[in-house]
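Each remark here refers to the structure printed beneath this line.
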Protein chains: 2
Amino acid sequence: MKSERTIGRLSLYRRLLRELRVAGVGNVYSQELARMAGVSAAQVRRDLMAIGYSGSPARGYVVEALGESIGTFLDSPGGQAAALVGIGNLGRAVMAYFSGRRPRLAIVAAFDTDPYKVNRVIHGCRCYPAAELEQVVREHSVSVGIITVPATEAQGVADTLVRAGVSGILNFAPVPLRLPTGVYVEQIDMTMALEKVAFFARQR
Amino acid sequence: MKSERTIGRLSLYRRLLRELRVAGVGNVYSQELARMAGVSAAQVRRDLMAIGYSGSPARGYVVEALGESIGTFLDSPGGQAAALVGIGNLGRAVMAYFSGRRPRLAIVAAFDTDPYKVNRVIHGCRCYPAAELEQVVREHSVSVGIITVPATEAQGVADTLVRAGVSGILNFAPVPLRLPTGVYVEQIDMTMALEKVAFFARQR
DNA sequence: TAGATTGTTAATCGATTAACAATC
DNA sequence: TAGATTGTTAATCGATTAACAATC
């Protein structure tokens, strides 16, 4: 099992490699990739070693092949489906953000309790009543849940998602979720992030 | 200098303490707070020790006093101003999210290059043309910048913010920023977060 | 070859956890 | 008091960095 951070950095490397490819760059050294990613060159080499991709002392890493190698490692061969719960400002922004970007990892359904928000398509994503969550998630074999509901409802939504078969959750609600081991949770806490920035901005 | 993580957890403890206070709870033990925050009790005790707040073996920590103590530690006495750059879907969602929440840390100005988006008020926040960024940021003594522009523009915006006197940045653009030491950057990379979730969801 | 880079291990660093005397 | 919790240090853990032989 690779470490969380390694996976995060691989995701970043892939994006940077895409830029290099577009710019017509064929090869890249660990040093250059490290500079772009804001990490050390040794870190890059260790991460790439971890996925079994080898470079050469003479030419470094082959941009195209490395990008594909990371893709093979990170992506599910058959693709994965995600569902979003909570069609508020943030929910819609997240839908817009991911809309059409990653064909192998698409948000296939969104849910809300507000009857005026459901039964239509937003940013290419079908919206359902929250009551249908379990059924729809099962039908689409959704493995990833995205939570953008208020803090008070987040734990309940998470429980329902897990019951429906989801095994990974991206949680934007500012509350730690308690879920069975085996379910992976990634927390994005904007309030905490902003307060950290404010605190350290003052220290300078 | 406290560690980044400690500051983040303090922000979380404060929120949890607020809930306890609303619920009418007067005292709390490290164990209970730890359970709510999803960390160990020793961690909680160490964090609280770090800000010089003491509990007692008999009654644990006093909810109200501890909350205030964390506030004194985290918040700037005179308040701090933040500015947001990039009034897209995400930018508006972020404005809505922080709107009216924290009086001591308010988003006082938003910027965009699109003339149709500026010179009005969104979620209680005044919107200016990007060309006026440096001037407005200086005038309001803004110390925190929030970047919600596309990746290609993020570095340029960050440079301008820093030139205008900002010393902390919350960056939503999926690109690592290169900035002078002394400027604190907190990165929120939704794409990376989602890809991590998808990856680990598959491992279970 | 000579010089630079890769793959990989050992050393370092920092944060978390465990443990326990002091305290209520 | 007895029992539980706090404050605080030592032990543990994991990740990062440094270093260097192997390679091109």
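By convention in this document, chain letters (A, B, ...) are assigned in the order of the sequence lines, proteins followed by strands, and residues within each chain are numbered from 1. Worth saying up front: this structure is predicted, and the values here are computed from it rather than measured.
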Under 3.5 Å between N/O atoms: give me all the protein pairs with nucleotides 18-22 of chain D, atom names plus distance.
from, atom 1, to, atom 2, distance (Å)
D/dA19, N6, A/Arg45, NH2, 3.4

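At whole-Å resolution of the value, OH in B/Tyr29 and P in C/dC24 are 14 Å apart. Regarding B/Gln31, its CD atom lies at a distance of 14 Å from the P atom of C/dT17, rounded to whole Å. Look at CD on A/Gln43: it is 14 Å from P on C/dG7, rounded to the nearest Å. Between A/Glu4 atom CD and C/dT16 atom P there is a gap of 13 Å when expressed in whole angstrom units. Following rounding to the nearest Å, A/Asn27 (CG) and D/dC24 (P) show an atom-to-atom distance of 15 Å. The nearest whole Å value for the distance from the CG atom in A/Asp47 to the P atom in C/dT8 is 14 Å. The distance between atom CZ of B/Arg9 and atom P of C/dG14, rounded to the nearest whole Å, is 16 Å. In this structure, A/Arg59 atom CZ and C/dT6 atom P are separated by 13 Å, rounded to whole Å.
Note that the OG1 atom of A/Thr6 and the CZ atom of B/Phe199 stand 9.5 Å from one another [nearest 0.5 Å].
Set against D/dG7, C/dT6, C/dG7, the side chain of A/Met49 has C/dG7 as its closest nucleotide. With distances taken from any side-chain atom of B/Ser54 to the nucleotides C/dA15, D/dG7, C/dT6, the minimum falls on D/dG7.
Donor-acceptor pairing under 3.5 Å is lacking for the side chains of B/Tyr61 and B/Asn27. In this structure, a donor-acceptor pair under 3.5 Å is present between the side chains of A/Arg46 and A/Gln43.
Within the structure, a side-chain polar atom (N or O) of A/Tyr61 is placed less than 4.0 Å from OP1 or OP2 of C/dG7. When the side-chain nitrogen and oxygen atoms of A/Arg5 are compared with OP1 and OP2 of D/dT16, one or more of them lie within a distance under 4.0 Å.
When all heavy atoms of A/Ala154 and A/Asn171 are compared, the pair lying nearest together is CB-OD1, 4.3 Å.
A cation-pi arrangement is absent between A/Arg202 and A/Phe200, since the terminal nitrogen or guanidinium carbon is not both under 6.0 Å from the aromatic centre and inside a 45° cone about the axis. For the pair A/Arg15 and A/Tyr13, the cation-pi test (distance below 6.0 Å, angle within 45°) is failed.
Pair assignment for D/dG7 gives C/dC20, based on Watson-Crick or G-U wobble hydrogen-bonding distances that are each under 3.5 Å.
At a threshold of 4.5 Å between non-hydrogen side-chain atoms, the residues A/Val39 and A/Leu33 do not count as touching.
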